[in-house]
Amino acid sequence: MSGDKEDFVPLIPGRVNMYVCGITAYDVCHLGHARSAVVFDIIKRYLRYRGFEVRHARNITDIDDKIIARAAKENISTEEVARKYTAEYYRDMELLGVSRADIEPNATDHIAEMIQTIQGLIAKGFAYPVDGDVYFEVSKFTGYGKLSKKNPADLLSGARVDVDERKKSPLDFALWKASKEGEPFWESPWGKGRPGWHIECTSMSSKYFGDSFDIHGGGADLIFPHHENEIAQSEAFSGRPFVKYWMHNGFITVDREKMSKSLGNFFTIKDILDKYEPEVVRYFLLTAHYRSPIEFSDVQLNEAEMSIDRYYTTVMRINDYIETAGDREKAVPSSELEEMLTSFKDKFHHAMNDDFNTAQALGYIFELIREVNRFLDAKPSGQKAKGLVVQTRDLLAEVGGVLNIFNKTAREWYSSLMKVKKIALSESDLQEKINERQRARENKDWAAADNVRNALAEKGIILEDKKDGTAWKIRVG
RNA sequence: GGCGACGUACCCAAGUGGCUAAGGGGGAGGUCUGCAAAACCUUUAUUCAGCGGUUCGAAUCCGCUCGUCGCCUCCA
């Protein structure tokens, strides 16, 4: 609310109630929806990792004008539209490693609660019915605009507020809308109708979390009017502060412009996942701070792919080392690695404690990756060295787990890349080629060996010769 | 018009009062290798849009200018 970073102190020590605006289920999701979901998924995971008991609610709006329009267009019911796109949403989210929320309320399951809230608002003088609609009277709520830092007078003078003669003020917004002929409706004290958009979050958050809760999140475009209106409704109704910490993620941009449905410059999650591994997309979303805009481009996705590949390449190297390292103690300089292992978690926590600075956290991860590679370059052996390397691997896996990246085996990563890059070669055929090349190499027939390697390279497969065999990777970037 | 955010190397991107301005990608040179690949090393911002100011000290705070974007209408 202050617009600044603040120390996080939950209302109840050790517990966090977090409500995040989900989607309106009227179309397939684009990358912007993914960002919001991934950002708050990571916030939840990190808070849990640090020992908070987090209850996470994420709503689905399953009735609204756009759903009605979509249903008319597809000639199916609004329920079917909502069901279809909710299913698509969950499918996309699962691929991106976004966990399910603990509470996933639908608007249409909470009509009774919303009617109750609206009745309460009317009783307290904050709302008025007109011809089957009910409006919230903004002028009755002092503090309107405190989140979006707008003042009502400025808003009034703006020409972009819709004018409706029946409303007392253009700023007043609908809590309940009378249904038109043929539209879905619910019975209410004001006649047949359906809820306005903002009221569901007020009624559902208070049902599950009470009048006040810790974190409310969503995309920055929800700040006004959606979240501003939620505050007005909720605080007018309960008389208590609504949300302690507001968190809003920045936009995805394309050519520096906001990716959005209305501009038509959006990429659906589905389209992107046809070209990129889901982990790449997730990683990409973590490379910038969640509040900053992030430019979507193939260059950026390719860089993300390369970064992840650097991780898996190192993991492969670590695992090879652990399997093959001798027991003979051979000390090599290890103080820098040891130092880094000691301080690593503190650094990671420090980055994440600072408003979930995933970009900085990734920086630390790659510092550790470089350090362990340096250590392995020195060709150490013995139990102590092995212990340090195992510790590094476990640490990387642990923080990767918090971000829900780096959670595959190297083999799974490359298999997955092979599919997404549509390389038409089975892994067994590939192994056969590698064996063929190995025989040539044993005969020092370098020309034949290079032929095999070049042929595979053309398909996007890269070979790495090591002392005890040849590994394959998929070219990235 | 009102409100807000941002401008860090060739590209992306952390850093918001004080140690050498993280990290990734790219370029150049090198070590290793049958040759590669990977990895590592050296190098690539005496400087943080520009100009003023505050301060012992600023990329970081303040003011102005320029530029970009967002919200003010459904929108993640």
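All of these numbers come straight from a predicted model, not from anything done at the bench. Heavy-atom basis, side chains included; hydrogens, waters and symmetry copies ignored.
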Could you work out which one of [options] sits closest to the side chain of [X]?
| X | options | answer |
| --- | --- | --- |
| Arg441(A) | C75(B), C35(B), C69(B) | C35(B) |
| Lys149(A) | C3(B), C72(B), A76(B) | C3(B) |
| Lys473(A) | C71(B), A38(B), C69(B) | A38(B) |
| Asp377(A) | C12(B), A39(B), G23(B) | A39(B) |
| Ala359(A) | A14(B), C40(B), A76(B) | A14(B) |
| Lys258(A) | G34(B), A14(B), C75(B) | C75(B) |

Go through the N and O atoms of the side chain of [X] and the base of [N], and report whether any donor-acceptor pair is under 3.5 Å.
| X | N | result |
| --- | --- | --- |
| Lys66(A) | C75(B) | no |
| Asp445(A) | G34(B) | no |
| Arg35(A) | A76(B) | no |
| Asp65(A) | C74(B) | no |
| Glu303(A) | G24(B) | yes |

From Leu285(A) atom CG to Thr358(A) atom OG1, the distance as rounded to the nearest 0.5 Å: 9.0 Å
Does this structure show an ion pair linking [X] with [Y], if we count only N-O contacts that are shorter than 4.0 Å?
| X | Y | value |
| --- | --- | --- |
| Arg58(A) | Asp102(A) | no |
| Lys421(A) | Glu305(A) | yes |
| Arg453(A) | Asp450(A) | yes |

Are [X] and [N] close enough that a side-chain N or O sits under 4.0 Å from OP1 or OP2?
| X | N | value |
| --- | --- | --- |
| Arg453(A) | C35(B) | no |
| Arg310(A) | C40(B) | yes |
| Arg370(A) | C40(B) | no |
| Asn357(A) | G15(B) | yes |
| Trp197(A) | C75(B) | yes |
| Arg374(A) | C41(B) | yes |
| Ser292(A) | A14(B) | yes |
| Asn373(A) | C40(B) | yes |

Using atom types as modelled, flag every donor-acceptor pair under 3.5 Å from a side chain in residues 392-402 of chain A to any protein atom, sequence neighbours excluded.
{"unit_1": "Thr392(A)", "atom_1": "OG1", "unit_2": "Leu388(A)", "atom_2": "O", "d": "2.8"}
{"unit_1": "Arg393(A)", "atom_1": "NH1", "unit_2": "Asn319(A)", "atom_2": "OD1", "d": "2.8"}
{"unit_1": "Glu398(A)", "atom_1": "OE1", "unit_2": "Lys345(A)", "atom_2": "NZ", "d": "3.4"}
{"unit_1": "Glu398(A)", "atom_1": "OE2", "unit_2": "Tyr49(A)", "atom_2": "OH", "d": "2.7"}
{"unit_1": "Glu398(A)", "atom_1": "OE2", "unit_2": "Lys345(A)", "atom_2": "NZ", "d": "2.9"}

For the [atom1] atoms, the ones on [N] and on [M], what distance do you get once it is rounded to whole angstrom?
| N | M | atom1 | result |
| --- | --- | --- | --- |
| G50(B) | U8(B) | P | 10 Å |
| U33(B) | C69(B) | C1' | 49 Å |
| C10(B) | A45(B) | P | 8 Å |
| U46(B) | C41(B) | P | 23 Å |
| C19(B) | A9(B) | C1' | 22 Å |
| U44(B) | A21(B) | C1' | 15 Å |
| U16(B) | G29(B) | C1' | 36 Å |
| G1(B) | G26(B) | C1' | 44 Å |

Pairing partner (Watson-Crick or G-U wobble, both distances under 3.5 angstrom) of [N]:
| N | value |
| --- | --- |
| G1(B) | C72(B) |
| A14(B) | none |
| U20(B) | none |
| U33(B) | none |
| A58(B) | none |
| U42(B) | A28(B) |
| A49(B) | U65(B) |

Centroid-centroid under 6.0 Å between Phe213(A) and Phe242(A) rings: yes
Side-chain donor-acceptor contact under 3.5 Å, Asp64(A) with Thr24(A): no
5' precedence on RNA chain B between Thr253(A) and Val299(A) (nearest-nucleotide basis): Val299(A)
Comparing Phe224(A) and Ser148(A) on RNA chain B - which has the more 5′ nearest nucleotide: Ser148(A)
Cation-pi check, Lys150(A) onto Phe224(A) ring (under 6.0 Å, within 45° of axis): yes
G70(B) pyrimidine/purine six-ring stacking with Phe251(A), under 5.5 Å and 30°: no
